[in-house]
Amino acid sequence: MGRRIVFVLAALLLLGLAGAAAWRLTQQPGPAPLYASGNLLVNPGFQEDADGDRRPDGWEAGPAAELSDWTILPEPGGHSLRLTGSASYVRSAPVFVWPGKRYTLSLQALADAPTPARLQVAFLWEDTRREVCARATSDWMPVPSRRWRSLSFQAVAPPDAVGMTVLLRPAGDDPVYLDDLRLSESGVRLEPFPDYGQAALAFTVDWETAMGGLIHSRSDDGYNPATAEARGEAMRQGTENLLSLFARYGIRGTWFAAGYALLPGNPSGDDFGHPLYAWASQANGWRDDHWLTTPWFADDPHGTSESHPAWYFGDLVPRLLAAHQEIASHTFGHLYLGLASPEELRADLQRWNAVARAAGVPSARSLAFPWGASLGMPDASYDVLEALGYLAVTRTYHEPRGRSQYWILPPDDLFHLRTVPGHPNLWAFPDHYFPGRPEDLPGAKAVVDRVLLLRGVTSLWAHSEEVASPEQVAAWEELLAYSAERRSSGLWIAPLTEIVRYRNALCQVEMETRERPGYLELRVRNVSRETLSGLTLTFPAPVRRATLQGASYSDFRQDQLRLPELPAGASARLKVWLEGWEAEP
Ligand SMILES: [Zn+2]
């Protein structure tokens, strides 16, 4: 809905453009059109090929789409991309787009053949589900024989588009070379990430005591209270370790708590409704049928976190809150949501909220599926999540060799948000498991590199018991240090729900831009119900000077400017002077 507001405004602006001679876009002849600087494409000159497979990183390369050492760019080690054959193609990583904005792709192309070839460009507009909702296709553009030629194509993003990929393909089977691609957005760009960020990463923890997935284990241990208690102790130890690591690197994580873990104890012997879950059976993957006749919370020792520290983590909650960590939901009773009924889910999540409230924790807005068991979720259970105010789910089922009919996020794209089918307001948040073994470290670092390369969104996670041994602590420390260092390259590290809330609120920002002689005048208004902190704008040239509500303002770097905190309903009025933009007569 918010995007529509923005679109209407943008459309008004475009109409305004048609009539107002003051707008640079309409000046003929005159200076170049107003386009935000920077290139929205990832790896636009095909330089990056970290794994050396001769396919450009960040691009989906179709058949016979391969790197060539032939390049028109001056960079040493540069590449171009060769498409050989009319079924060959290359497709960019997704780009965040704004409805009503104009996007222009320019590139260099050459046909390595005695006769010319042709090339087609398509902008594939995507909805929140990352499905193509519209496309804009160029004519077949002539590519000269053995001579580089500049080509360009432009189109306006339609109302429902939130993303876009660029697709390029040749006509005929002769090799066509591509290089030096550039995708720009008209006007001033409102960046998808705050604080000069390029990508978002959440560190998340599945946080449960002996009562969570431990006593209800589906693994080889089966029902084993002694093992569950020992692992509950490791969960507690891991919490201490992770809290001090997070503090060292200034990281706020998201702790997906089984709600029972938030209890300070249960000396009064609450049985939480005495639930029996008939689905927790051997037929459904448990080791025995223990839970068919035993109430789910029967092992509760009815003690306190002092007498039974492996069972209740209520004493740790104030410390998490004091460290500004997010506490979110892993359900109250660690339910298998692909098997539980919508009614069981509703009762369980309401209990989570009640226990959280008693512990001073806000109602949950995000959920991590216990056992990664989103497979089998009824549509009505997603309705329950939405009705209770959930904005995001994670630990969705995405086993690469699993049953693909249950994938909400495909395993080959765990770097972008997508909404749950039929639930356009519920985001599925991608995740990568890092169990803290030294041998998993290169893979986890590669996740950090890749989310930055793709300018995407993802998370790394573990159970807190996987940060217990000195070896695990060392591995986690190395990963956190590596990630924290990448903040200077634009990595935004934040709690999972904060990333989702920012994404939602961003689409309810209105921006009006007016070109005045020698400077730009902007009004940015936050019409969402969230406070927006760190909103970042990209201008067509480096910022020389700025004022905010009439006073001098200096939070800018090169061609970008960061706004101060913008509470719900607030506006910022900016004047911005750009390098090379002298006052016109
Ligand atoms: Zn769990």
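Indexing begins at 1, ligand by ligand and atom by atom, following the structure's order.
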Pairs of donor and acceptor atoms involving the side chains of residues 244-256, under 3.5 Å and at least two apart or interchain, shall be tabulated with distances.
from, atom 1, to, atom 2, distance (Å)
Ser244, OG, Glu240, O, 3.3
Ser244, OG, Asn241, O, 3.1
Arg248, NH1, Glu477, OE1, 3.0
Arg248, NH1, Glu477, OE2, 2.9
Tyr249, OH, Glu477, OE2, 2.7
Arg252, NH1, Glu498, OE1, 2.9
Arg252, NH2, Glu498, OE1, 3.4
Arg252, NH2, Glu498, OE2, 2.9
Thr254, OG1, Glu326, OE1, 2.7
Thr254, OG1, Leu496, N, 2.8
Trp255, NE1, Gln325, OE1, 2.9

So, applying side-chain hydrogen bond (donor to acceptor under 3.5 Å, both in side chains) with Tyr223, which one of Thr294, Asp289, Asp299, Asp288 is it?
Asp299
Would Glu565 and Thr531 count as having a side-chain donor-acceptor pair, cut-off 3.5 Å?
no
Greater than 12 external heavy atoms within 6.0 Å of Arg218's CZ:
yes
Partner of Tyr312 under side chain to side chain contact (heavy atoms under 4.5 Å, CB included), picked from Ser307, Pro264, Pro301, is Pro301
Protein N, O or S atoms less than 2.8 Å from the Zn ion (ligand 1), ignoring waters?
Glu208 OE1, His330 NE2, His334 NE2
Checking side chain to side chain contact (heavy atoms under 4.5 Å, CB included) between Asp57 and each of Val42, Leu453, Leu454, Asp449, which is the one that passes?
Leu453
